[in-house]
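Worth saying up front: this structure is predicted, and the values here are computed from it rather than measured. Chain naming here is simple, since letters A, B, ... match the order of the sequence lines and numbering starts at 1 in each. Worth knowing before you read on, the calculation uses all heavy atoms, side chains too, and leaves out hydrogens, waters and symmetry mates.
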Amino acid sequence: MKSKTKIYDPDKIEGKWQKIWERSGIYKTKDGGNKPKCYILDMFPYPSGIGLHMGHPKGYVPTDTYSRYKKMNGYNVLHPMGWDAFGLPAENYAIKNKIHPAVSVKKNIKKFKEQLGRIGFDYDWSREIDTTDPKYYKWTQWIFLKLLEKGLAYESYEPINWCPSCQTGLANEDLDNGVCERCGSEVEKKPMRQWVLRITDYAERLLKDLDILKWPESVKESQRNWIGKSEGAEIDFKITNDELRIKVFTTHPETIFGATYLVLSPEHPLVAQLKDKIKNWKEVEKYILEARQKTEILRTAEGKEKTGVELRGITAINPANQKEIPVWMADYVLAHHETGSIMAVPAHDERDRSFAEKFKLPIVTVLQPLVTRISGIDAFKHREGVSERKAVVAVIKHWSEDKYLGVRWGNTGWQGFVIGGIENGENSETAGMREIVEETGYLHPKLVGKLGETVHARFWQNIKRQNRLAHFEPVLYELVDGERNEPTEEEKTLHKLSWLTPEEMCAFITHDDMAIIWNRVHDGHCKFISGCEVSSILVNSGRFDGLTVSEAVEEFEKLSLITRTTTYKLKDWVFSRQRYWGEPIPVIHCEKCALDNPVGRGVVPVSEKDLPVTLPKVKSYAPTGTGESPLADIKSWVNTKCPRCKGPGKRETNTMPQWAGSSWYYLRYMDPKNNKSLVDKKREKYWSPIDMYVGGTEHATRHLIYARFWHKFLFDIEIVNFEEPFTQLKNQGLVLAEDGRKMSKRWGNVIDPDGIVKRFGADALRVYIMFMGPFENAVAWQTNGVVGTRRFIERVWGLQNKLADRKSKVEESDDFISLLNRTIKKVGDDISSFSFNTAISAMMILINASDNLPRLSRNSFEKILKILAPFAPHIVEELWSNIGGSPLTGKRTRKSIHLERWPKYDESWLKDKTIKIAVQINGKVRDEFSAPADSDENILKTEATSRRNVKKWIDGKEIKKTIYVKGKLINIVVN
RNA sequence: GCGCAGGUGGCGAAAUUGGUAGACGCGCUAGCCUUAGGAGCUAGAGCUCGCAAGAGUGUGGAGGUUCGAGUCCUCUCCUGCGCACCA
């Protein structure tokens, strides 16, 4: 009999094992072998001076558990960690405190590593990387050289986003509603030289390959939005009496005949060229200046009220109908979007309509709905001829109630409104009057008005055995009174009439053409009905009238009226920053080479053997504000030899953005020490792609799109063997403060992981983080919750006192053994599906049950420790080692529990021996009883009906049927 | 406005995918015990009525399908996230 074990002291045992693990190297990963590989990656942290925050373990602890589980299941797991250490905070800290960023970064990394170490992760630290290490950024620069070589990096002089506070240019991705996402300053447009990466060349692939990724739908959707593909056409509008043309982009080229005016954005370059011709230049100039002063936010925040000014003296020719149309300027047209100019089709575009209405511009309808019956007896037969007919559709309102007349055509089952042909000499209104009297017998219809555009319908007329194309003119009438001629018997069988409320009418209508008309009367709630196909055909479009949208677009294209194009919202990646703390862009500017080759502007790449171009020491890290980085001041560094002509050259002084190093870091972990290549081909082939990538949602459109872009490029130049870097992605939820707000210094509600580890131990913290809610959920921190998981951990600790002696046999109940087996299965399944919270809940149930046993067998205890090992690695290692000693020698005879195999469960124990059957009467639970698992259905039913609690519900009633759900319940249906 | 997630006790949440709603944990209540602690043990608890047995009711709301609905269908309301005068 063992003596009582000492008190659980996480402080002691956790530190002890962390040291032993590190010394023994049990977490070192081999590159290769017979085991299947599994690459599990956490998004690496930016090592800020504040140290670890709760968000880090929220993501890192679950992947660590997942990693340990995979290892125990025979996988060769790569689970590395490193530092994304370039970036503004370190630089700003340097400016303020005059400490070189490299120094503070080193200090921060040390702190981060210690803090991570205290939580007990299984990282292979021999593969640690740091993006600011020249040995690392040599390869970041190398990738840039390759991009340059392939024409994917270029210098541009277009105006870019400039943050006046951070004193640097920014990419579109770095803006948050027009504001610098880092400091919140209003961003300006500033023309300056910059390096840009041609990410747009990859737009289509970046979009298409999203389909093969196992990523959260929301992240994929964000990326689709960001790429912003739109298919349409470009159309040139010639300016009247001028050689100049206005190019517009539209997603609806079929509406070209409806383009009644053009609109330029205030920034449109053509405006300057047209200045002399514009008669109201003063007014236009004022508008331009006003627009320039408004920020983008202001412009859009003003809502839907549109402003604009006509360019008097300028007109354009609509190439479709040669009509002269006015040209306007308005800020609802955005300069940076597509061509910065539009053809306005007010009849079919909401924005254009409100603009046209405000400024009294013509509105020409060029599309009308076409409904084709595609199923049922009246389905349109595409191969047969068509006879056309004009008809009126009369919607008739009741004289005193809010009801409308529904007509059912007795012989066809068709339900809708009064319909009749329009005869010679009639218009739709008069034809409708006549039809109402003829068809319904009501004598006093009053015309209310037409109901909008013609609705076309194609269907098969079964009685006449022919296709019909009907042009329905909808007209609304109201009856003055109910006076009526009694209809003939024939009429009565032909047309069954009923007065219907608007809701009833929706349900009554059988075809979409009628639904479209009804929606014009009764605003919009009528759903379209299956069996019909709704499309549009052209009208008011000259000889193209009657064509479908796709037919028209095809025709226009043939005539070169339009040029079909696909555009993307994604813009090329502005890649240079006028700051110090980043990778130097490895090129040299040479004036002599510029003369030899004006196209290349004298940009000469640093030769590969001279990489890395290291950051020099500077006196001042502060940005110069001139649009040049602080590097420009270091003459000894800037002035160098041109690698091509050996003449004098100047180094590029811009640096790369923070996203550069993180766009490929996952490859370096595979082969972190390689100084011959970025990554060894064999190793890359072995480890790629990443099987599980975990991080926060804030990287949905930047890091994840940049990294995919670089990866695809590296695939193209055959550095990597697979098109996508991260096959599976998961986002951990936020940790909110106890008050439900974000944790922030400002609110004083920050809980730091270190403090929790000190008070409760790393194992309790780990278990709590995973237990607090589903992995992806944002959940509020509760320190009391950690108390709960600490209690759980201590209960596990206490189990060693129940441990039976090696020699003595222990009888554990069937129930317990069954529970143990089921828990092994459930915990494994749950880890695989990232359902850590339910895995822990299952283990709690098991531990509670173990706690209630008088004695626990060694075998069971070991299994319990093993399934707990991925969650609470320290305590299980301690307990494992406690029971590992031989009672004779006292020597430790076993290796770490983390090198053990995941226990197997026994299928035969997963089934219950006895089952609990619930008895329902009409679906309500009234009783329950236990029975052997193999009980016959009839015996169970007999038992159920004979029970007292059941009898009182069924006595005197007729049992209509009895449903038995195997092993679960019996439902008795009575009336 | 468009798209994507979600709405279940006082709280975090479960629910084998159509079969006993609320497992597990926090908090709470009562009792016990003690080395007075952020401790342990036992019991209780969705809500309403009731001393209780029990009955009614209950997964944002309204309908529907079904012997049976948190789960499926229709409509609707609310919350979070992304995009947004996107041509």
Side-chain angles (χ1 to χ4, degrees), chain A residues 177 216-226 228-230 232-233 248-253 255 263 265 296 299-306 330-334 336-345 348-352 354-355 525 527 567-569 697 700-701 731 734 740 759-760 767-768 771-774 776-792 794-795 798 826 829 835 837-845 847-848 916-928 949 952 960-974:
Chain A
N177 273 321
E217 204 41 55
S218 60
V219 177
K220 291 209 231 178
E221 200 54 30
S222 287
Q223 296 220 342
R224 287 191 194 105
N225 280 338
W226 193 260
K229 179 178 182 174
S230 68
V248 306
F249 177 82
T250 175
T251 48
H252 291 284
T255 60
V263 189
S265 64
E296 191 124 329
R299 267 206 215 177
T300 52
E302 274 171 17
K304 305 282 178 235
E305 183 62 29
K306 300 217 170 1
D331 65 6
Y332 83 91
V333 175
L334 306 174
H336 60 262
H337 194 261
E338 314 293 358
T339 56
S341 47
I342 61 158
M343 68 174 200
V345 184
H348 302 289
D349 182 282
E350 240 179 86
R351 294 152 299 160
D352 297 344
S354 67
F355 190 81
H525 283 329
K527 271 191 313 171
T567 65
Y568 300 89
K569 202 188 88 176
T697 45
T701 47
N731 295 127
L734 287 175
R759 275 167 67 187
F760 301 98
V767 173
Y768 174 64
F771 184 62
M772 67 196 290
E776 321 79 45
N777 275 25
V779 268
W781 177 268
Q782 278 182 33
T783 301
N784 267 327
V786 194
V787 175
T789 53
R790 166 69 185 254
R791 219 173 269 161
F792 163 68
E794 290 203 30
R795 207 164 287 172
K826 178 158 177 63
D829 291 349
S835 309
N837 56 333
T838 49
I840 290 164
S841 143
M843 285 188 295
M844 284 172 167
I845 294 168
I847 299 302
N848 290 345
K916 242 172 35 179
I917 300 289
V919 188
Q920 296 183 333
I921 315 294
N922 288 345
K924 285 207 165 87
V925 181
R926 298 298 181 186
D927 197 10
E928 69 175 35
N949 282 345
K952 82 178 180 203
K960 285 169 75 181
K961 62 172 152 174
T962 309
I963 292 133
Y964 173 60
V965 182
K966 200 162 183 296
K968 296 241 158 89
L969 62 79
I970 288 169
N971 189 12
I972 301 166
V973 184
V974 297

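- Contact annotation: side chain of Asn971(A) to base of C67(B), donor-acceptor pair present below 3.5 Å.
- With A87(B), C24(B), G82(B) as the choices, the nucleotide that has an atom nearest any side-chain atom of Ile845(A) turns out to be C24(B).
- For Val779(A), counting side-chain heavy atoms from C-beta on, the closest listed nucleotide (A14(B), C4(B), A13(B)) is A13(B).
- Ranking A14(B), U20(B), C86(B) by closeness to the Lys916(A) side chain, first place goes to U20(B).
- Of the residues near RNA chain B, Asn225(A) and Ser218(A), the one whose nearest nucleotide (by heavy atom distance) lies more toward the 5' end is Ser218(A).
- Backbone-only engagement by Arg791(A) is indicated by non-hydrogen atom pairs under 4.0 Å involving sugar-phosphate atoms exclusively.
- Closest contact between the side chain of Asn784(A) and the listed nucleotides C4(B), A87(B), G27(B) involves G27(B).
- With A13(B), G82(B), U20(B) as the candidates, the nucleotide lying closest to the side chain of Leu969(A) is U20(B).
- Residues satisfying the side chain to side chain donor-acceptor pair (under 3.5 Å) test with His348(A), not counting sequence neighbours, are none.
- No cation-pi contact links Lys306(A) to Phe355(A), judged by a cut-off of 6.0 Å to the six-membered ring centre and 45° from its axis.
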Would you write out the dot-bracket form of RNA chain B, 5' to 3', with Watson-Crick and G-U pairs under 3.5 Å, [ ] for crossing pairs, | for pairs to other strands and . for unpaired bases? (((((((..(((......[....))).(((((.......))))).((((....))))..(((((..]....))))))))))))....
Using a 4.0 Å heavy-atom cut-off, write out nucleotides 51-56 of chain B from 5' to 3' as B (base contacted by protein), S (sugar-phosphate only) or - (no contact). ---SSS
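- Rounding to the nearest 0.5 Å places CG of Asn971(A) at 7.0 Å from CG of Asn922(A).
- Two residues are said to be in side-chain contact when any heavy atoms from C-beta on lie closer than 4.5 Å; Val919(A) and Leu969(A) fail this criterion.
- Nucleic acid contact for Asn848(A): sugar-phosphate only, since backbone atoms but no base atoms lie under 4.0 Å from a heavy atom of the residue.
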